[in-house]
S.K.: 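Please see the structure below; I have some questions.
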Amino acid sequence: MIKKIGILTSGGDSPGMNACIRAIVRTALYHNIEVIGFIKGYEGLIDNDFVELKRESVSGIIQKGGTILKTARSARFMKEEGILQAVKNLTANNVDAMVIVGGDGSFKGAIELSKHISIPIVGCAGTIDNDLVGTDFTIGYDTAINTVIDAIDKIRDTAESHDRVFVVEVMGRDAGLIALRTAIASGAEALLVPELKHDTQSLISKMKNWRSTKSSKIIVVAEGDQSGGGFKVADMIKTNYPEFDVRVSILGHIQRGGNPSCMERVNASIVGFNSVRALMAGHKNEMIGIINKQVSYTPFAKAVKHHQKLNKDLEELIEILSS
Ligand code: F6P
């Protein structure tokens, strides 16, 4: 019987985390389960820094980006000493279940924690990268890709006016899923992502076929692509095509902020709500996600093996549709 749940947000923040926190808190309280929120992810667990969460603690946050519980990438939690301190605090506070909201690093942390404590732990996938197995969309991805296409649409206006080539670097140090969708949605001329392992030379040769009547060209590059990122790609283009007027735009952390989209708020609410239900039903060491509109449960160990293969057809689609 679960009486007290601890929650934390960890890793890079993502829009929709607050909607998820709200859903967890209100679902738990509905079932007469107390909730405490640890501050700054695993750091708060180690420092015993937490707040009690009441219904009103999560009022007016569903529409806000970021996370009211703050977040961190905890180096201390990667050491056994840190984990043991966290276990001590959880036991002293009578926490008998945990919900971790975060990405792959956060779930790897949850796996380590579960080796030292027997309380059930479940996760809600919160990362803009969408790089977890076991959910169609992670919390934050939809808002981030909409932020990106809004930015690329603006870049397209100025690129058109100046007849320029723009290399737009988007987030994703291990995954190209932000780049893939936003390249399609912005009508980009090319895409460079880590999963496709293209050498940049192939981009250079493809550029020969670009229609000369096209005034602007947009290349979307994921930050983790082996090309080395936006500036490197631009340098290579300048060397091979000195006639092109090239500019670089690194979108950076604006992709992590902003009010969550409607889809984000809904998904985050469903996932948060079901994380509490999952704990009550005896689930542990699983990530709660949504696949084909159905709630799904994926063991943490599987969820973190993110390298989803990119659909090669979509790469061809980008080339054909932008020709
Ligand atoms: O994990 C999400 C993410 O936004 C990645 O896309 C990006 O590489 C990374 O976080 C940046 O992290 P930080 O804000 O810690 O530099």
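What you see is a predicted model, and the numbers here were worked out from it, not measured in a lab. Numbers here simply count residues along the sequence, with the first being 1. Counting starts at 1 for both ligands and their atoms, in listed order.
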S.K.: Can you list the atoms of ligand 1 that are under 4.0 Å from a heavy atom of Ile128?
M.R.: 4 (O)
S.K.: How close does the nearest protein non-hydrogen atom get to atom 1 (O) of ligand 1, and which residue and atom is it?
M.R.: Asp129 OD2, 3.2 Å
S.K.: Contact between ligand 1 and Gly172 is defined here as a heavy atom of the residue under 4.0 Å from a ligand atom; is it met?
M.R.: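 Yes, Gly172 has a heavy atom closer than 4.0 Å to ligand 1.
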S.K.: Taking distance alone, with no angle check, do Met171 and ligand 1 share an N/O pair under 3.5 Å?
M.R.: no
S.K.: Any carboxylate oxygen within less than 4.0 angstrom of a Lys/Arg side-chain nitrogen, looking at Arg76 and Asp47?
M.R.: yes
S.K.: Minimum distance, heavy atoms only, to atom 8 (O) of ligand 1: which one of Arg256, Glu223, His253, Gln255 is it?
M.R.: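 It is Glu223 that holds the nearest heavy atom.
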S.K.: Considering heavy atoms of the protein only, find what lies nearest to atom 15 (O) of ligand 1 and give residue, atom and distance to 0.1 Å.
M.R.: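 Nearest neighbour among protein heavy atoms for atom 15 (O) of ligand 1, to 0.1 Å: Arg73 NE, 2.8 Å.
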S.K.: Parallel, tilted or perpendicular: which one describes the rings of Tyr42 and Phe77, with boundaries at 30° and 60°?
M.R.: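 Because their plane-to-plane angle is under 30°, the rings of Tyr42 and Phe77 count as parallel.
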S.K.: If only side-chain N and O atoms count, and only distance matters, is there a donor-acceptor pair under 3.5 Å linking Thr147 with Gln255?
M.R.: no
S.K.: Look at Asp245 together with Arg164 and state whether they make a salt bridge at an N to O cut-off of under 4.0 Å.
M.R.: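 Looking at Arg164 together with Asp245, the answer is yes, because their closest N to O distance falls below 4.0 Å.
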S.K.: For the CD1 atom of Ile61 and the CD1 atom of Ile68, what is their distance to the nearest 0.5 Å?
M.R.: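 Spacing of CD1 (Ile61) from CD1 (Ile68) equals 4.0 Å.
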S.K.: Does the distance from a Lys or Arg side-chain N to an Asp or Glu carboxylate O, for Lys206 and Glu319, drop under 4.0 Å?
M.R.: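 A salt bridge links Lys206 with Glu319.
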S.K.: Heavy atom under 4.0 Å from ligand 1: found in Ile178's side chain, backbone, both, or neither?
M.R.: neither
